[in-house]
Amino acid sequence: MNKLFIYTFAILLLQGCSNETKLTEEDAILFLDEMEEFSTEEGPIASSAYWISSNFITYDSQKVVADYSKRYSLLSVENARRAAEFDDVDVTKDTRRKLNFVKSGFVMPSPLDEGLATEIANLKAELSAMYGSGRHCFEDGTCYDLEGFEQIIDNSRNPEDLLMAWSGWREIGKPMKEKYLRMVEIGEMGSKDLGFEGLSDLWFSKYDMSSDEFLSDVDRVWEEVKPLYDALHCHVRGELNEFYGDEVVKNDGMIPAHILGNMWAQSWSNIYDLVYEPSSVDASINLTQIIQEENLSEVDMVRVAEDFFVSLGFERLADTFWERSLFVKPRDRDVTCHASAWNLDSEEDLRIKMCIQKNEEDFVTIHHELGHIFYYQAYNHLPSIYESGANDGFHEAVGDLLSLSITPAYLKELGYINEEQYLDAISDPISLLMKQALEGIVVIPWTLILDKWRSQVFSGDVEADQLNNLWWELRESYQGVKAPIARDYDAFDPGAKYHIPGNTPYTRYYLARIMQYQFHESLCNDIGFDGPLHECTIYNNPEAGEKLKSMLALGSSVPWQDAFEELTGVRELSGESIINYYSPLKEWLDEKNEGRQCGW
Ligand code: X8Z
Ligand code: ZN
C-alpha cells in the first residue's frame, strides 16, 4: 500500500515537473512576440548607428557602430539559442518558419562571448571603414579614391593609365587580409555555435531547400547561360585585340582585367563603342547623353525612377526619403559611396545612400536601389520577422526587372527621344542587346565567383598565402579574365570589392540576374505583349504592377518558390528566359565569331 502510494506520487510528481518545463506552441508564440518587440525596439537604433558610421566615417562613428553591433549581435545570438529550445516542440509550419528565421538571421555571427563579440564587431567596423575611406597615393604625391580611379578605368583608353588605376585601387586590399581572416575565424565559431556546419552552411541554408540542392541549381543554370557568355567573350576579345594590339590583349586566352571599362570587369558596357558599330548614330541610345542634354540633376534622376514605380501603382515615397537620403558625394568627409538602400524603422523611414554620377550606369543603379525601397514599402505591414525578400535574390531583382523596361518605347514616352530616334533604335536590335549583354550577361560569372571564393576561405580549405591565387583562379576559370600584372605576395584583391570587407553575400546578385528575365518574360506575356522581349516595357501598366506588388507584399512569409510561382507560374530558376531574350544577339555573335578561335 505504502509502496503503491509512493510510486503513484512519484509518477504524479514527474508528470507535474515535465508539464511545467515542456514547451508548447503557445510558448513559441509568446517568444516570437518578444522577438517582434526586440526588433522594433532595438532595430531602428542599431540601423541609425550603421547609417551614421557609413555616412560619416570617423574614429568615433566606428566606435559607436562597433559597440551597437556587438550588443545587437550578442542579443541576437541569445535569441537564436532560445529559438533552438523549440526544436523538438510540435508547432505549426508558420511558427517553425519564424523560429528558423530567428536561428539563422546572421551573416558573420559572433559566439556568445563578450570578448569575441567585441573583437569581431571591431573588425567588421574597421574593414568597412577601410573600404569606404580607401584611397591610394602614388610617389609623385597624387592621391585617388575609388571614384577617382574609376574615372580612369571607366573612360580611359590608355593602357598605362588603366594599369595604374587598376593596381592603385588594389593597394587598399593589402592591409585587410589579416583582419579579414581573423573575422572569418570568429564567424566560423559563431556559426557552429548556432548549430550550423560553418559560415557556408549558414549562408546557403536560407533558400527553402538544402544547401547542396541550392548550389547544384545555381551551377545548372550557369551551364545554360555559359555558351552566351563564351560567345560574347570571344567577340569582345577579338575587337579589343584589334583596338589595342597583341601587346595589350592577345586574340586567344584570357582578357586582362584593366581594359574592360570597369574596376572589377563585372560590366563591360563602357567599352560598348569598341565592340559594336551601330547601323546609325541614333540606333544606339546613349542615356548618359540624354541625362546631360535633359539637364537632369541627381535628384531628378531619382524622381524619374520613382515615377516608374508610381506608374505601376506603387505609392510615392515619403518626404523623409527625400530629406534623409544621400544622393551626392559630400566634398568634405568620407562616406561609403557604394550604393545601398535602407529600411531604418520598418515603417516610413526609407532611404538610399549613393554618390550619384550623371550617367547611364548610375541611372540603372538608381532603379536597382529603388527596387529595394519599394520592396520594403510593399512588405512593411508584415510582422518584422517576415520583412525581407522571398529570398535575398528577389530583393536584388526588383529594380533590375524595371531596368529591362527602359526601352526605346519608354524613352519616347518620357519625351527623351523622338519618333525618328525611336524607329532607328528598334531597327537595330543588336545594338540594344549588345549594350544590355555587356552588363547583364557579363556580370553573371562574376556573381558566382565571390561566394565560391568565400566558401573555400570559410572552410579553411585554402592556406593564407594562397587566398589571392584562388581568387584569380576563379576569375580566370569563370570569367576568362586575368590580372594584368603579377600580383604581389601580400596582395588581397578580394578586399578591393565592397562586398568582401562589407560581408554582403553575393549569390543574391546571381539569382537576381537570372530571375529578372523570368519575371520580365512572364509579365510581358501577361500583359499581352507579343513583340521581341527586349522591346517590352511594363511602364505604366497597372496590371503588371499589381502582379509584382502582390508578390512583393508576401515578404518572406512563404517559401520563395511559392512567391516565384505566383508571378511566373513556375517554381524553378531557369536560364531559358535569358536565352530567349538574347537569342538575336547570340545568332549575331555566332556569325561574327566564325573563324575566330574562341575559349581561353
Ligand atoms: O552592390 C550592388 C548594389 C547594391 S545592393 C549597387 N550591386 C552589385 C555590385 O555593385 O557589385 C548591384 C549589381 C551587383
Ligand atoms: Zn541591391
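Indexing begins at 1, ligand by ligand and atom by atom, following the structure's order. Everything numeric in this text was worked out from a predicted model, so none of it was measured.
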Query - Residue pair Arg157, Asp273: steps toward the salt bridge (Lys or Arg N to Asp or Glu O under 4.0 Å) verdict - result: CA-CA 12 Å; Arg157 299 282 152 89; Asp273 61 313; 3.0 Å; yes
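- Remark: aromatic rings of Tyr582 and Tyr517 are close, center separation under 6.0 Å.
- Among protein heavy atoms, the minimum distance from atom 5 (S) of ligand 1 is reached at Tyr509 OH, 3.0 Å.
- Under a cutoff of 6.0 Å and an axis angle of 45°, Arg324 and Trp322 do not form a cation-pi pair.
- Some N or O of His338 is nearer than 3.5 Å to an N or O of ligand 1, by distance alone.
- Within the structure, the closest approach of Met354 to ligand 1 does not fall below 4.0 Å when heavy atoms are considered.
- The aromatic ring centres of His395 and Tyr379 sit less than 6.0 Å apart.
- Taking every heavy atom of His372 and a limit of under 4.0 angstrom, the matching atoms of ligand 1 come to 5 (S).
- Remark: ligand 1 and Gln266 share an N or O pair separated by less than 3.5 Å (distance only, no angle test).
- Comment: Asp400 engages Arg513 in a salt bridge, judged by a side-chain N to carboxylate O separation of less than 4.0 angstrom.
- Considering backbone and side-chain atoms alike, Lys497 places an N or O below 3.5 Å from some N or O of ligand 1.
- Although no hydrogens or angles enter the test, the distance criterion places no donor-acceptor pair under 3.5 Å between the side chain of Asp493 and the main chain of Ala496.
- Using a 4.0 Å cut-off between charged side-chain N and carboxylate O, Arg303 and Asp300 make no salt bridge.
- Looking at Lys482 and Glu473, no side-chain N of the basic residue comes within less than 4.0 Å of a carboxylate O on the acidic one, giving no salt bridge.
- Backbone and side-chain nitrogen or oxygen atoms of His499 are examined, and one is located within less than 3.5 angstrom of a nitrogen or oxygen of ligand 1.
- The existence of a salt bridge linking Arg316 and Asp307 is confirmed by a sub-4.0 Å separation between a basic side-chain nitrogen and an acidic carboxylate oxygen.
- Ligand 1 has no nitrogen or oxygen under 3.5 angstrom from a nitrogen or oxygen of Ser340.
- If you count the protein N, O or S atoms nearer to the Zn ion (ligand 2) than 2.8 Å, you get 3.
- For atom 13 (C) of ligand 1, the closest non-hydrogen atom of the protein is Arg513 NH2, 3.9 Å.
- Near Ala339, with a cut-off below 4.0 Å to any heavy atom, the atoms of ligand 1 are 4 (C), 6 (C).
- Centroid-to-centroid, the aromatic rings of Phe519 and Phe564 come within less than 6.0 Å.
- When ring centroids are compared, His233 and Trp600 come within the 6.0 Å threshold.
- Between Tyr276 and Trp268, the gap from one ring centroid to the other reaches at least 6.0 Å.
- Under 4.0 angstrom from ligand 1, the non-hydrogen atoms of Tyr506 all belong to its side chain.
- Applying the 4.0 Å criterion to heavy atoms of Glu369 picks out, from ligand 1, the atoms 3 (C), 4 (C), 6 (C).
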